[in-house]
Amino acid sequence: MTDASMQAELSTRGAESPWWRSAVVYQVYIRSFADGDGDGVGDIAGLRSRLPYLAALGVDAVWINPWYPSPMKDAGYDVSDFRAIEPVFGTLADAEAMIAEAHGLGIRVLLDLVPNHVSDQHRWFQQALAAAPGSSARARFIFRDGRGPTGDEPPNDWVSRFGGAAWTRVTETDGRRGQWYLHLFTPEQPDLDWNDQTVQADFEETMHFWFERGVDGFRIDVAHGLVKAEGLPDLGSTVWPPDTSEPVDHPHWDRDAVHEIYRKWRSLADTYDDPRVFVAEAWVQNAERLAMYLRSDELHTAFNFDFLLAPWQADEMRASIVTSLSAHDLVGAPPTWVLSNHDTVREVSRYARPQDARPLHAFNDLLDLPVDFEVGLMRARAAALLMLALPGGAYIYQGAELGLPEVEDLPEEVLQDPTWEQSGRTERGRDGCRVPIPWSGDEPPYGFSPGGPSAAPWLPQPRSWAELTVESQTGEAASTLELYRSALSIRRELPALGDGSLRWLDAPDGVMAFARDPGFVCVVNFSGDPAPAPDGAEKLLTSGPLTGLGELPADTAGWFAC
Ligand code: NOJ
């Protein structure tokens with residue numbers, strides 16, 4: 001079958017409801033997924049070799065983290081050329097072959113678009129450094145004179161997401177201390193100015209470039225950050241996320257004007273016969289603000305991070321789901337559920353901690369809290385069934401299907417996340433959720449790299465992962481991998497699942513129960529006591545064994561046919 005005919009088949013499969021409204025998307029963090037050439041870093045060859053695994057798992061699409069040329073100051077989110085492939089990952093020909101092979105297996109491909117900033121090695125920034133203040137080359141970025149009599153102070157009080165000031169001063173070509181440029185992330189990631197027409201046109205060109213190569217859509221990095229307030233006013237006491245439910249006028253997050261950009265992108269994506277799609281990474285104040293990105297002439301989907309951050313408690317989880325469903329309903333968009341990604345602590349390790357102490361998001365949030373990994377894994381498995389039963393689409397971060405925990409004891413000398421250095425070595429950052437996947441065997445690299453002489457994986461894998469490999473879980477009915485496989489297979493079969501709505505059912509305190517029509521019920525037991533299964537229901541799948549009386553134990557979820 002040709003790639004074009006596969007595209008045609010993929011697009012007609014869900015004729016009533018477009019595929020993206022129900023899609024289960026698997027996040028491939030490429031440098032940690034599979035290494036084809038033995039240098040210890042995952043790559044396109046490795047991904048190609050594992051596509052059959054993803055097809056058998058039953059996902060509808062993959063989202064691949066940035067694979068473009070990059071100096072890797074922020075693991076590829078510092079892009080120096082959006083229309084090429086980082087040599088460590090392969091070539092453009094490899095990428096094209098991968099896209100075609102994925103389509104051949106019925107898997108769509110989403111890439112990561114990083115429009116807020118580029119690498120300081122991008123030709124635009126190099127041109128801007130060589131150009132004079134006020135030049136068109138500098139207008140692509142946010143260069144400003146400093147404050148104070150000698151311009152020694154940054155133009156405003158904005159801070160980098162990774163710690164420290166969001167401004168760096170440059171040396172002008174004549175050797176004098178010069179202007180400052182804005183970087184909301186590392187100094188090697190200068191922010192673009194989206195008022196600049198050449199910036200706008202170039203990103204459209206990049207999208208066309210990849211769409212022409214069959215890419216089905218983009219995840220949009222920092223989608224809430226592209227527009228900065230006129231005059232770049234100080235932050236003052238404004239914090240993000242806001243500590244109030246009142247509307248907040250933040251000078252660089254979630255500004256209304258950002259929506260104009262997405263309206264243009266939507267019309268571009270809609271020009272394709274099989275329209276291409278977007279998923280926004282937008283950390284905004286609340287579900288209503290998120291839904292604004294999903295109005296019918298804007299983006300298709302956006303990650304629901306409230307669900308990810310909700311503690312493992314029936315009331316909190318339910319409130320997060322209710323709020324999200326109603327906000328999405330207002331704009332007719334499907335919610336997109338997610339339990340983890342390459343920026344957050346893995347769910348097994350979050351749920352292994354007490355759930356009422358404080359929000360658990362970054363590695364440092366875990367510190368000093370008591371831990372029970374057995375409970376963490378039970379909850380993560382139950383959460384997976386909950387997520388996959390909810391209306392809309394879902395994202396699975398690679399390794400979640402293996403029940404991988406965060407690696408919490410990485411030695412300091414291997415840490416690569418810029419958070420570590422930029423925080424003055426106080427925050428360890430995100431490396432613990434980025435450790436390479438264990439595929440097979442009893443010892444590192446667990447099949448991550450090919451046999452024979454291979455470099456060690458770029459982050460060390462724990463000894464304890466021998467029992468978590470794909471190989472050791474395959475065929476083990478009680479394994480997390482088989483739980484995911486079963487859940488995805490049932491999800492594909494049952495018309496009740498995916499896009500649509502739910503009905504809440506009465507349930508005891510600490511228990512969540514809802515129905516999806518036709519004939520499906522999901523029950524999740526957050527309480528310490530066993531919870532009854534629905535009367536007269538047939539068990540389809542549970543995240544753990546039922547009690548002798550056929551009840552759901554604590555931290556267990558069940559799918560039932562009624
Ligand atoms: C969000 C990405 O997911 C994260 O990994 C990255 O560091 C920042 N955006 C900056 O691009």
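Atoms within a ligand are numbered from 1 in the order they appear, just like the ligands themselves. Atoms considered below: every heavy atom in the structure, side chains included; atoms not considered: hydrogens, waters and symmetry mates. What you are looking at is a predicted structure, and each value in this text was computed from that prediction instead of being measured.
Taking the six-membered ring for Trp and the full ring otherwise, F82 and F203 have centroids separated by under 6.0 Å. Taking the ring centroids of H183 and W158, they lie at or beyond the 6.0 Å cut-off. Not less than 6.0 angstrom separates the ring centroid of Y446 from the ring centroid of W439.
For D499, the salt bridge (Lys or Arg N to Asp or Glu O under 4.0 Å) partners are R21, not counting sequence neighbours.
Within 4.0 Å of ligand 1, heavy atoms belong to protein residues D74, Y77, H117, F162, F185, R219, D221, V222, E281, H342, D343, R430, R434.
R138 forms no cation-pi arrangement with F141, by the criterion of a distance under 6.0 Å to the ring centre and an angle within 45° of the ring axis.
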Residues E298, R263; criterion side-chain contact (heavy atoms from CB on, under 4.5 Å); working and verdict: CA-CA 5 Å; E298 296 195 39; R263 287 194 190 100; 3.2 Å; yes

